[in-house]
Amino acid sequence: MMTAAVHPTLSQEVTYLEAISQALDEEMTRDERVFLIGEDIGAYGGAFKITEGFLEKYGDHRVIDTPLAESGIVGAAIGAAMMGLRPVVEMQFADFISCAFDQITEVAAKNHYRWNAPVPMVIRAPFGGGVHGGPFHSECPEGWFFHSPGLKLVAPSTPYDAKGLLKAAIRDPNPVIYFEHKFLYRRIKAALPSEDYIVPIGKAEVKRPGSTISVVTYGAMVHIALDAAARLQQDGIDLEVIDLRTLIPLDTETIYESIRKTSKAIILHEDTKTGGIGAEIAALLVEECFDCLDGPVLRVAAPDTPVPFSTPLEEFFLPKISDVEEAARKLAAY
Amino acid sequence: MMTAAVHPTLSQEVTYLEAISQALDEEMTRDERVFLIGEDIGAYGGAFKITEGFLEKYGDHRVIDTPLAESGIVGAAIGAAMMGLRPVVEMQFADFISCAFDQITEVAAKNHYRWNAPVPMVIRAPFGGGVHGGPFHSECPEGWFFHSPGLKLVAPSTPYDAKGLLKAAIRDPNPVIYFEHKFLYRRIKAALPSEDYIVPIGKAEVKRPGSTISVVTYGAMVHIALDAAARLQQDGIDLEVIDLRTLIPLDTETIYESIRKTSKAIILHEDTKTGGIGAEIAALLVEECFDCLDGPVLRVAAPDTPVPFSTPLEEFFLPKISDVEEAARKLAAY
Amino acid sequence: MDLSRIAGEVTRTDYLHLYYYLRLTRGLETRITALYRQGRIVGGCYTSHGMEAVSVGYALPLESRDVIAPYHRDMGAFLIRGITPGEVIAQYLGKRTGPTKGKDGNVHIGDLKRGVIGFVSHLADNLPVATGAALAFQIRGEPRVVVTNTGDGGTSRGDFHEAMNLAAVRKLPVVFFCNNNQYAYSTPLRYQMAVQDVADRAKAYGMPAEILDGNDVAAIYVAARRAIQKARAGGGPTFLECKTMRMHGHSEHDPAKYVPQALLEEWKIKDPILKAEAMLKALGYADEADFQDIDARAKKEIEAGVEWAEQSPLPEGPETLEGVFATEEEVA
Amino acid sequence: MDLSRIAGEVTRTDYLHLYYYLRLTRGLETRITALYRQGRIVGGCYTSHGMEAVSVGYALPLESRDVIAPYHRDMGAFLIRGITPGEVIAQYLGKRTGPTKGKDGNVHIGDLKRGVIGFVSHLADNLPVATGAALAFQIRGEPRVVVTNTGDGGTSRGDFHEAMNLAAVRKLPVVFFCNNNQYAYSTPLRYQMAVQDVADRAKAYGMPAEILDGNDVAAIYVAARRAIQKARAGGGPTFLECKTMRMHGHSEHDPAKYVPQALLEEWKIKDPILKAEAMLKALGYADEADFQDIDARAKKEIEAGVEWAEQSPLPEGPETLEGVFATEEEVA
Ligand SMILES: Cc1ncc(C[n+]2csc(CCOP(=O)(O)OP(=O)(O)O)c2C)c(N)n1
Ligand SMILES: Cc1ncc(C[n+]2csc(CCOP(=O)(O)OP(=O)(O)O)c2C)c(N)n1
Ligand SMILES: [Mg+2]
Ligand SMILES: [Mg+2]
């Protein structure tokens with residue numbers, strides 16, 4: 001299903017997961033303020049082996065294996081960030097971020113606003129389903145943080161963006177949650193530039209230009225949208241696919257521009273529907289682009305349930321190519 | 001500013017706060033499974049004195065003063081609820097609910113879905129601003145829970161609803177977060193029926209019928225909307241004010257019906273704008289009522305910042321009558 | 001525990017029960033691991049290999065109206081509470097006949113009717129929940145007890161602290177077990193805490209604690225029984241640390257290279273089943289032939305369960321949408 | 001602490017410093033309370049009446065590059081770190097000249113330049129943050145120390161546990177103070193924990209702990225200095241419990257009827273200022289005249305501050321929108 005966008009490059013192909021490792025490695029080499037903190041990230045190299053070899057390379061003062069305590073870890077990262085370091089926290093699974101919710105929303109997000117203390121830190125959150133993880137190893141928690149002023153949120157869909165956005169996040173003066181999609185870890189590959197680059201936070205990308213309908217999406221769903229676009233093309237439905245890449249701050253200009261062109265929009269996300277990011281984008285479209293809308297804004301998203309475990313249930317739960325197709329056909333006929 | 005809707009009644013007038021106390025008292029008398037748990041709710045009667053006298057009346061087995069530990073408290077309530085009791089948790093301020101976020105979203109919200117265990121409990125969350133509370137005593141945390149399947153959310157705007165919804169919440173077989181607005185505690189009064197009644201969860205109320213624009217709102221903002229409606233009337237702008245009362249499950253029928261009539265909608269909430277409940281309602285309107293919309297759906301909400309402390313800042317932050325007026329005039333002229 | 005004490009404390013019937021559940025647990029988890037290697041299991045696979053004595057020991061003394069809030073290495077407790085091997089396999093296969101109907105998987109088994117509070121991945125989350133169940137019993141004056149368990153790693157989470165504290169302050173009828181298997185995933189105990197014994201953590205709450213040989217099922221059984229009786233009688237909570245060793249990886253995909261081989265060797269000879277057999281023989285309670293009988297009985301049950309589970313239907317897609325909310329009838 | 005030990009440990013200059021800050025704190029908070037009663041304060045009002053010795057004692061031994069993460073009864077520490085009385089009043093009045101420019105109020109004072117981590121209402125939230133600041137010092141090999149404080153109530157939160165544990169495991173240069181004023185809002189200690197001494201909580205982490213007379217500023221100063229030195233030298237964290245009494249309500253609106261009058265009487269005579277005066281006299285460090293001089297100096301500073309703060313401008317509405325995000329320049 002997955003084919004990554006090709007970028008001009010010199011290096012050999014790396015997976016999405018390797019791209020993340022590379023970003024961490026390069027940033028740690030570039031800037032000695034950068035350090036890693038989390039559970040099992042040292043000798044073990046992390047649950048997904050993203051930091052394999054880092055302990056040996058950077059030592060146990062920069063690769064910090066912690067007790068099992070997400071709130072304590074995030075709190076510690078906040079303190080270290082305020083003292084001038086650049087912590088990168090690894091959540092073992094994004095699902096466990098709920099344990100650190102208070103630290104993230106009440107401390108990290110509000111410190112600068114309240115008393116001018118910058119908190120330059122990154123929380124890496126391996127998120128998303130399709131991996132038979134069940135309710136507690138498949139969650140998409142971005143919706144909660146989308147409604148927490150003071151945080152930046154990014155969610156790359158390709159190895160190129162995975163690397164470039166992580167570097168940008170580490171260099172950002174604010175707390176950034178970096179949502180890395182577990183499903184993509186080893187399923188997509190791309191050759192990356194050998195020189196240092198970042199993908200700027202706050203910039204969406206038109207992944208596929210099209211004229212009939214704009215599909216606004218992010219994360220693993222970008223690939224679903226592209227696949228749906230390929231299928232619909234033969235029927236003359238020409239999807240424009242926008243990969244948000246950054247969720248906060250939202251690149252409304254790119255979204256609006258696309259909708260001004262196509263007049264029709266589908267918002268696609270793997271997160272549950274009610275109160276998800278799609279709601280905000282739909283609301284923005286009707287607020288800001290009402291006159292150019294030529295049909296309802298449709299959302300394709302997971303139903304309002306936890307992520308179920310069993311294969312047929314999880315398949316039903318996750319937005320599928322056919323769901324996008326169906327919405328697109330409906331909207332095209334509108 | 002505040003005048004409560006008048007309901008048929010026999011009793012003398014009570015405040016919003018007293019209505020909450022009455023509901024607790026009556027439910028504890030009616031059903032011995034109901035018990036209270038929280039910080040300082042016993043001898044002290046709670047930070048807002050809602051449970052004053054309850055310890056004496058019901059004893060320390062049903063009015064449980066706890067250590068300072070929101071996660072532990074909510075977790076304990078979940079356990080007790082699963083064993084057949086009906087706990088009512090008091091958060092001292094809604095803001096501290098972030099400390100119990102994990103228990104609420106991961107345990108309470110998902111238990112029934114995952115393994116069929118009902119969790120009939122209520123969390124009372126005194127929320128909202130206008131009380132010079134600053135960033136940590138004024139929050140509107142409902143947006144987070146709005147995006148957490150498995151929870152019900154209610155937010156009364158009058159003494160009548162405060163009592164009736166709390167009783168309904170206590171009798172509901174699911175976890176319900178009851179958002180009680182601190183600003184309304186002692187500012188509004190109403191005479192209540194002397195007989196037992198509930199306000200059903202899931203039913204919005206048309207607080208003021210109108211023909212020009214529908215204003216969909218809840219909590220303290222209902223009064224702002226009504227005041228704006230009174231002001232606009234002289235200019236021939238006739239607002240219909242819908243008080244959601246329940247946020248989850250949302251009474252979409254009442255909302256759609258109103259918009260089918262007025263063709264124009266403003267969504268008003270005190271919570272911050274991006275990713276708030278207003279986004280979902282706007283998204284639903286454009287998804288489900290696109291053809292009957294005669295203008296953009298406007299949102300009037302707090303800006304995307306923490307709640308600032310100083311008076312001029314807080315005044316700027318909170319949605320005002322004039323903000324609703326402005327939006328209404330703009331929309332009326334559309 | 002020495003022989004004469006055991007003889008006085010554990011009857012032959014009880015010990016054989018314990019032994020049976022040790023074998024059943026070992027057999028079932030070995031079978032699950034085999035299925036996992038064959039790629040027939042959905043998702044991950046967490047076992048209690050080498051630590052079976054902990055949950056077998058704590059669950060057997062419980063009465064039917066008592067409740068457990070187990071963690072992810074408590075297969076023995078599930079079985080003792082009456083979750084059948086077939087149901088466990090069905091759960092692992094995502095079948096509709098599993099206790100969670102396919103909504104959740106593997107060790108996330110919960111069933112209120114059988115007094116099993118469903119495990120939540122977020123470690124220690126169920127400890128406050130366990131105290132709450134105990135609080136309900138206390139409020140209603142019921143002589144019921146909750147037993148819960150956590151790993152050594154789980155004790156580092158705030159929810160452990162908040163639960164222990166509430167239980168101690170209100171003298172709740174709850175017994176906290178800790179399976180100290182020396183690792184939390186790859187993290188050895190010394191990176192987890194600066195105390196030698198997890199039991200030291202109980203001191204912060206004024207809660208009595210005991211350290212047990214986590215591979216001695218009889219010792220655990222006896223200590224659990226005593227703590228449960230105490231809790232039932234209103235004597236408040238107890239913390240019981242079981243020192244044992246995780247003999248497999250964190251989950252079956254993890255080769256656990258971070259565990260020194262010598263440590264595994266050392267603990268291999270302390271295997272709880274071998275230990276129980278030696279004891280049973282020394283006590284004159286059973287001999288090799290009995291062990292083989294019991295094992296055969298366990299295996300038969302397991303195979304019947306595998307067959308039943310494999311023939312069970314999967315749930316259908318739209319069932320995804322069911323059950324987000326409970327109905328009035330369920331709580332009437 | 002007895003006289004001869006104090007004489008050896010606390011110089012006259014230091015003791016007079018301590019005394020000065022006790023008076024400044026008392027005077028300032030008394031003034032704030034008066035303003036509150038006059039309705040001139042925005043929002044609530046939390047003071048350290050009767051507990052001034054704790055934060056005065058822990059803050060004075062710190063070096064300028066050290067950092068504090070205070071809680072809501074640490075006015076003395078603010079003052080010692082260089083937050084002026086005027087700034088404090090400005091903060092209480094919501095003025096733009098307050099350390100948070102009106103964005104936050106009262107004791108939510110933070111200023112990285114002066115090594116003050118801003119208080120978060122959510123109790124204990126800043127304890128992990130304090131460990132993180134200490135972690136930064138450890139990572140960079142800087143001889144800097146963090147001192148943080150919590151109430152007795154705050155120690156019941158999970159974040160206390162997670163912070164204490166991390167600090168102990170990594171031997172971080174952080175000193176944990178606990179202001180045990182016997183109440184958390186209306187909740188007496190016995191409903192908060194089942195141990196007699198909050199210091200017992202440190203046992204769960206293998207962290208050394210000491211119990212101090214929370215009204216003896218010299219004793220606190222000496223113990224803090226020792227713990228800070230130890231932390232600075234790489235000796236790891238210490239937990240210091242200061243036994244004291246909250247002499248006012250939880251906040252100034254609270255008449256605190258739930259506190260037995262006798263308890264207040266008992267503690268009234270243990271007042272930290274009276275105690276310091278008795279000591280200063282006994283040591284021959286100062287006499288009544290000195291006290292009056294010092295008090296006059298403090299009062300003058302306070303009144304100048306009140307005046308400055310009252311004349312300071314309020315922020316303007318649109319400033320609400322500023323500062324949600326930090327800029328590159330701020331962290332360069
Ligand atoms: C809050 C939380 N953080 C992280 C994880 C990921 N995780 C699953 S098991 C585990 C190690 C658990 O160690 P321990 O508590 O000692 O139990 P054991 O597996 O050793 O029996 C970790 C880190 C989790 N499940 N929950
Ligand atoms: C997480 C959290 N829960 C509740 C509160 C409300 N609250 C403010 S102060 C307080 C009591 C604090 O007691 P303690 O920690 O002993 O400090 P003290 O005020 O006695 O100095 C409470 C419950 C809070 N601020 N934070
Ligand atoms: Mg372990
Ligand atoms: Mg206190």
Side-chain angles (χ1 to χ4, degrees), chain C residues 122-129 131 134-135 150-172 174 176 178 180 184 187-209 231 234-239 241, chain D residues 122-129 131 134-135 150-172 174 176 178 180 184 187-209 231 234-239 241:
Chain C
H122 300 60
L123 295 170
D125 272 21
N126 260 349
L127 300 181
V129 174
T131 66
L135 178 64
T150 169
D152 43 293
T155 68
S156 293
R157 276 211 54 234
D159 273 18
F160 167 82
H161 180 73
E162 299 192 5
M164 291 284 285
N165 193 44
L166 185 68
V169 167
R170 292 198 70 93
K171 280 184 161 280
L172 296 176
V174 52
F176 292 91
C178 174
N180 175 3
T187 307
L189 203 66
R190 69 181 178 284
Y191 293 158
Q192 194 68 245
M193 57 191 79
V195 287
Q196 285 292 321
D197 300 310
V198 185
D200 284 341
R201 299 208 149 170
K203 292 181 188 163
Y205 316 101
M207 194 187 294
T238 306
F239 184 81
E241 175 187 358
Chain D
H122 300 60
L123 295 169
D125 272 21
N126 261 349
L127 301 180
V129 174
T131 65
L135 179 65
T150 169
D152 43 293
T155 68
S156 294
R157 276 211 55 233
D159 273 17
F160 166 82
H161 179 73
E162 300 192 4
M164 292 284 287
N165 192 45
L166 185 69
V169 167
R170 292 198 70 92
K171 280 184 160 281
L172 296 176
V174 52
F176 293 92
C178 175
N180 175 3
T187 306
L189 203 65
R190 68 182 179 283
Y191 293 159
Q192 194 68 245
M193 57 192 78
V195 287
Q196 286 292 321
D197 300 311
V198 185
D200 283 342
R201 298 208 149 170
K203 293 180 188 164
Y205 315 101
M207 193 187 295
T238 306
F239 184 81
E241 174 186 358

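Every chain is numbered from 1 and lettered A, B, ... according to where its sequence line falls, protein lines coming before strand lines. Hydrogens, waters and symmetry mates play no part in the numbers below; they use all other heavy atoms, side chains included.
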Chain D heavy atoms under 4.5 Å from Asp200(C): which part of the residue, side chain, backbone, both or neither?
->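 Contact with chain D: backbone and side chain both.
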Residue part contacting chain D, namely of Arg170(C), when any heavy atom lies under 4.5 Å =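 Contact with chain D is absent: no heavy atom of Arg170(C) under 4.5 Å.
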Using a cut-off of under 4.5 Å on heavy-atom pairs, state which of Met193(D), Met164(D), Arg190(D) scores highest against chain C.
->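 Highest number of heavy-atom pairs under 4.5 Å: Met193(D).
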Closest-packed option against chain C by number of heavy-atom pairs under 4.5 Å, given Gln196(D), Met207(D), Gln192(D), Lys171(D) =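 Among the listed options, the one with the most contacts to chain C is Gln192(D).
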Answer yes or no: are there more than 12 heavy-atom neighbours, outside Tyr191(C) itself, under 6.0 Å from its atom OH?
->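 No, the 6.0 Å shell around OH holds no more than 12 heavy atoms from other groups.
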NE2/His161(D) to CG/Asp159(C) distance, rounded to the nearest 0.5 angstrom?
->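 CG of Asp159(C) is found 9.5 Å from NE2 of His161(D).
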Taking all atoms of both residues into account, what is the closest heavy-atom pair of Asn165(D) and Ser156(C), and its distance?
->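 Looking at all heavy atoms of both residues, the closest pair is ND2-OG, 3.2 Å.
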Identify which of Leu166(C), Val198(C), Val195(C) forms the greatest number of heavy-atom pairs closer than 4.5 Å to chain D.
->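 Ranked by contacts with chain D, first place is Val195(C).
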